Structure formats: C-alpha cells, structure tokens
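This report refers to the structure that appears directly beneath it.
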Amino acid sequence: MELRKLLINEKERLLNAGKIVRDRMKDAPQGKLRLGKSQGCVRYFYIKEGERKGIYIPKKEEELAKRLAQKSYDEKVLRLVEKRLPQIEKILKDYEENEIEKIYLKEHIARRKFIEPVEQTYEQKLVQWLSHQFKGKQFKMDTPVILSNNGLRVRSKSEKILADFFDSMGIPFKYECPLELEGYGVVYPDFTFLSRKTGKEIYWEHEGMMDNPNYAESAVKKIEMYENNGIFPGDQLILSFETSATAINMQLVRTLVEKHLM
C-alpha cells in the first residue's frame, strides 16, 4: 500500500527534524542538566563537561536549565535520526512496490497457466470484480437520454463528462452500482472503482446542484452516512461539486484521479 511513498515521506520528515536540531545545537551550552529533589521540590543542577558534581541552578538562572534540557532532547532526536535514515535508505535502495505480483508477471505467459500465484494480480482482481453483475438505479420514463461516448446511459451532462474522462484514462468503473449504507439504506454511487493501490472499492459522488438547498441538504446527509459507515472523503470516497453558476472543474478531477485511481 504505497510503502515506498510512505518511506520517502518518513525520510523527508527525519531530514527536516535533523536540520532543526542541528541548527539549535550550534548555540547549545556545554555540559548537561541533572535533576534532583529536595523537600518534594525538583531542583536543577548544571554538570560541566568532564565533571560529575553538579552546580545548583537558581531560579533566576532558569534559562540555563531550559537550554540544557533542550540540548539533551535535541541530542536524543539527532541520535534517532542518524540511526533511522541509513535503515530507510537501505530499504529504499532495494524495495519495489508489488514485488510478489511482478514475479508472476515476469514469468512467460506459457508458464503462468500452470502457476497459482500466492496473491491475485490487480488485473485478475479487476476481471473478477467487473464480472459481478448488479442492478443499477432505474431511469424514470421522462428522464432525458444522455449517453457517454461508450454508449453508457448516465443522468447528466457532467456525469457524461466524467464517464468519458475515465474511459479516456483507461480507468474501469461501475456506474450506479448499489451500496448498502447502514442507517441510510441503499445508495447508488455515481461511479465505483477498484483501487489498484489498496484493492478496495472507491466511490465517486458528483454533487451537481449544490446551490439548491434541498439537494445540498440531502447530499450532506448522504456524505455523513458514508462517514458513519467508515467510508471517508479522501480515502474511499471522492467528491466533486457543481452549481448552476460553477461548472465541474476538470483540472481538479484530473488531480483526484491521479491521486486516488492511478
């Protein structure tokens, strides 16, 4: 599940943490801080380099205690950073995504027919997923007939734009495949996808009349029911919006597709 990307992000986080503490340690005082206790009160002692006996730090010089405590913390962070970065670099140097799947795909096609892979490839999962039959939402008799370039009937011009875009990007989908949401009932997400990254379904809802108060209220309730069922925007739920004055933003659609579906 994008382990390489997570490792790269962690590497950047550690590099940033290392830079922060190294910059702070340039002005750190010599020595270290020791804590003691007397009559139930914490007391601070300054221990010089190479010495064991500490010098009591009075309250008026508490800034020294603060700087020594910060130095000790920064040194610990730096040790961790210097330990973890080589480990991450070593993994990144050798690690590839979907390594088990790639072993199977590199086999000659004549060999594959004799092999039972330990995990299904995405293509195998996709074929199985697309083969599942479902009954979509019915169209009313007076509903205008709007067809995508591939002949799929949809409910709006915006949905046609989306369907045509997904097809042009080679992204398989199901249109208005029923989904049971506890506490709400059956919903028909505009588009359902099988994620290449996670193997889970991803649902796309296009809310096209958000300047209509009744429509907007219904859309918000439906989104809340998705969330109540563990399906969250930015994870398994993609949302796009439109009003009578604001058309669908296809640049944003492309960004969402690249982030979640490719």
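Note that the coordinates shown come from a computational prediction; the quantities given were computed from them, not determined experimentally.
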If we ignore angles and hydrogens, is there a donor and acceptor under 3.5 Å between the side chains of His206 and Glu159?
-> no
Test the Arg4-Tyr95 pair against the cation-pi criterion, namely NZ or CZ under 6.0 angstrom from the six-membered ring centroid and within 45° of the ring axis.
-> no
Mind checking the CD1-CG spacing from Ile103 to Asn98? Nearest 0.5 Å is all I need.
-> 11.5 Å
Look at the side chain of Lys71 and the backbone N and O of Pro29, then say whether any donor-acceptor pair between them is shorter than 3.5 Å.
-> yes
Hey, do the aromatic rings of Trp204 and Phe173 have their centres closer than 6.0 Å?
-> no
Would Lys221 and Glu224 pass as an ion pair if we require N to O under 4.0 Å?
-> no
Decide if the gap between the ring center of Tyr175 and the ring center of Phe191 is smaller than 6.0 angstrom.
-> yes
Show which side-chain atoms of residues 249-262 pair as donor or acceptor with protein atoms under 3.5 Å away, not counting sequence neighbours.
residue: Asn249; atom: OD1; partner: Gln251; partner atom: N; Å: 3.1
residue: Asn249; atom: OD1; partner: Leu252; partner atom: N; Å: 3.0
residue: Thr255; atom: OG1; partner: Gln251; partner atom: O; Å: 3.1

Tell me which donor-acceptor pairs under 3.5 Å the side chains of residues 178-187 have, and how far apart each pair is, sequence neighbours excluded?
none

CZ-NZ distance between Arg34 and Lys53, expressed to the nearest 0.5 angstrom | 10.5 Å
Looking at Asp94 and Lys90, does any basic side-chain N land under 4.0 Å from a carboxylate oxygen?
-> no
For Glu12, does its backbone N or O pair with a side-chain atom of Asn16 as donor and acceptor, under 3.5 Å?
-> no
Per the salt bridge (charged side-chain N to carboxylate O under 4.0 Å, His left out) rule, which among Glu123, Glu101, Glu97 passes with Arg196?
-> Glu123
Does a side-chain N-to-carboxylate-O contact under 4.0 Å join Glu10 and Arg84?
-> no
Using the test side chain to side chain donor-acceptor pair (under 3.5 Å), find all partners of Tyr122 that sit at least two apart in sequence or belong to another chain.
-> none
